[in-house]
Structures are given as structure tokens and as C-alpha cells.
Amino acid sequence: GNDILRFAKSYQGVFSTNATEKERILNEIHFRILEIVKILISWDKEIIIQTHFRANPSAKTLYFKAVNEGIDGLNQRLIQTFLIEKKIPNVSLAILPNSFPEFLFVDKVHLNLFGYQYHSQFLQKELIRRCWW
């Protein structure tokens with residue numbers, strides 16, 4: 001999420017108009033996630049990756065449009081890698097809804113206490129699915 005925020009600041013509007021640059025940025029972020037996962041696996045850990053929620057629905061600027069396009073693109077890569085292709089064993093994917101309601105944000109990108117409680121329900125479902133209780 002933070003990487004996408006940084007790139008969106010530099011590339012406002014580029015995600016919509018320059019598919020090559022968008023792909024390069026998202027591939028770079030995805031690659032770093034895979035590197036972190038590989039390190040954690042080397043420590044013999046089971047891993048749950050989660051998709052990311054979009055910015056607050058009230059955020060309508062070009063910057064937040066770029067943020068949301070980046071989040072959508074990264075989520076597609078995570079779903080493809082960890083849910084569809086299951087490229088790495090012992091890694092599962094917790095899928096969050098794309099958008100959280102406005103009242104769950106403290107600002108345009110960070111959740112408030114209620115937002116984190118809502119968020120945790122999706123992680124709990126993944127833990128229950130794996131019988132981690």
C-alpha cells in the first residue's frame with residue numbers, strides 16, 4: 001500500500017495513460033512482495049497474504065485515482081499468484097473487499113478503529129479456514 005501511495009504521487013494520471021509504466025511499477029512492487037514471502041518461507045512459516053482495500057471512496061482526485069488503479073492492479077497480481085496459480089506452497093490469500101465504507105477511514109487511506117475491526121474479520125475467516133485456533 002505504501003509503495004503504491006509513493007508511486008501514485010509521482011505518476012498521477014500515468015496509470016490511466018501509460019500502461020507500460022503502470023505494469024513496470026506494479027511488477028516491481030509484486031516482485032518485492034514475492035521476495036519477502038520467500039524469506040519468510042525459508043524460516044519455515046506458513047504465510048497469509050491479504051489483498052489491499054482501495055482509498056476512501058470520498059477521495060476523488062487524480063492522485064487517489066492512481067492509488068486505486070495501483071491497488072487494483074496489485075490485487076490482481078496477488079490473486080493470480082497466490083489463489084489461482086498457487087505458485088508458492090504454504091501461502092494463502094485473504095481477500096478483502098475492494099472498498100471499505102467511508103466511515104471506516106480516519107483519513108483518505110488509513111482505517112479507524114472500526115475499520116480495523118472490520119478488516120480483522122476477513123483475516124479471521126482465513127485463520128478459521130486453516131483451522132488456526
Side-chain angles (χ1 to χ4, degrees):
N2 288 334
D3 286 344
I4 289 172
L5 289 173
R6 272 192 298 282
F7 281 118
K9 192 167 207 119
S10 302
Y11 295 103
Q12 292 178 48
V14 170
F15 279 3
S16 296
T17 60
N18 188 336
T20 304
E21 185 65 7
K22 175 183 175 181
E23 291 302 309
R24 184 194 69 75
I25 291 166
L26 293 175
N27 287 340
E28 181 181 319
I29 294 169
H30 185 244
F31 176 79
R32 286 199 305 267
I33 290 170
L34 293 176
E35 291 300 303
I36 292 167
V37 167
K38 289 174 185 174
I39 290 167
L40 293 173
I41 286 175
S42 74
W43 297 341
D44 197 31
K45 302 293 179 193
E46 288 188 45
I47 300 160
I48 299 172
I49 301 288
Q50 68 178 26
T51 58
H52 206 294
F53 54 88
R54 301 174 107 216
N56 185 323
S58 70
K60 306 257 186 237
T61 65
L62 269 181
Y63 169 70
F64 285 110
K65 182 177 183 197
V67 167
N68 286 335
E69 286 182 24
I71 288 169
D72 292 345
L74 182 59
N75 284 344
Q76 290 169 359
R77 282 166 175 73
L78 296 174
I79 290 167
Q80 185 67 35
T81 300
F82 297 111
L83 188 65
I84 296 171
E85 295 176 3
K86 298 182 182 182
K87 287 186 174 182
I88 304 174
N90 294 325
V91 176
S92 61
L93 187 67
I95 297 179
L96 299 179
N98 279 342
S99 297
F100 284 13
E102 284 182 43
F103 70 89
L104 296 177
F105 288 85
V106 74
D107 58 13
K108 302 294 184 203
V109 294
H110 298 97
L111 298 175
N112 60 28
L113 179 62
F114 298 111
Y116 280 113
Q117 290 173 347
Y118 180 70
H119 174 257
S120 72
Q121 292 174 14
F122 297 93
L123 299 177
Q124 288 172 3
K125 284 183 357 188
E126 184 60 32
L127 291 173
I128 290 168
R129 187 184 72 76
R130 292 170 148 253
C131 301
W132 284 11
W133 57 80

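Computation of the quantities below employed the complete heavy-atom set of this structure, encompassing side-chain atoms and omitting hydrogens, waters and symmetry-equivalent molecules.
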With a 4.5 Å limit on heavy-atom distance, are the side chains of N56 and D107 in contact?
-> no

Side-chain heavy atoms under 4.5 angstrom apart, residues restricted to Ile, Leu, Val, Met, Phe, Trp, Tyr: same cluster for V67 and F105?
-> no

L113, L123: one ILVMFWY side-chain cluster at the under-4.5 Å cut-off?
-> no

L111 versus Y118: any side-chain heavy-atom pair under 4.5 Å?
-> no

Are L104 and V106 connected in the hydrophobic side-chain network, where two residues link if heavy atoms are under 4.5 Å apart?
-> no

Distance, nearest 0.5 Å, that separates CG of N90 from CD1 of I48 = 11.5 Å

Spacing of CZ belonging to F82 relative to CZ belonging to R77, to within rounding of 0.5 Å = 13.0 Å

From the list L5, V109, I4, side-chain contact (heavy atoms from CB on, under 4.5 Å) with I71 holds only for I4

Would Q50 and F122 count as a side chain to side chain contact (heavy atoms under 4.5 Å, CB included) if you check the C-alpha gap in whole Å, the side-chain angles of each, and the deciding distance to 0.1 Å?
-> CA-CA 9 Å; Q50 68 178 26; F122 297 93; over 6 Å; no

Separation between CD (E28) and CG (D3), nearest 0.5 Å, reads 8.0 Å

What closest approach, in Å, do T51 and L96 show between heavy atoms, and which atom pair accounts for it?
-> OG1-N, 2.7 Å

Can you tell me how far CG of L93 sits from CG of L78, rounded to the nearest 0.5 angstrom?
-> 6.5 Å

Interatomic distance, OG1@T61 vs NZ@K108, rounded to 0.5 Å, equals 8.5 Å

When K86, K87, Q76, H30 are each screened for side chain to side chain donor-acceptor pair (under 3.5 Å) with T81, the one that passes is H30

Taking the side chain as every heavy atom from C-beta outward, state whether L83 and I95 have any pair of such atoms under 4.5 Å apart.
-> yes

Check whether more than 12 heavy atoms from other residues, nucleotides or ligands sit under 6.0 Å from atom CG of D44, and answer yes or no.
-> no

For the student: nearest non-hydrogen atoms of G115 and N112, plus distance | N-OD1, 2.7 Å

Salt bridge check: are R32 and E35 linked by an N-O gap of less than 4.0 Å?
-> no

In terms of the angle between their ring planes, are F53 and F100 parallel, tilted or perpendicular, with boundaries placed at 30° and 60°?
-> parallel

Between A55 and N68, what is the shortest heavy-atom contact and its length?
-> N-OD1, 2.7 Å

Say whether I36 and I88 are linked into one hydrophobic cluster, either directly or through other cluster members, by side-chain heavy-atom distances under 4.5 angstrom.
-> yes

What one should report as the nearest heavy-atom pair of L74 and L26 is N-CD2, 4.0 Å

Out of curiosity, D72 CG to K22 NZ, how far, rounded to the nearest 0.5 Å?
-> 7.5 Å

P57 to P101 - nearest heavy-atom pair and separation = CD-C, 4.4 Å

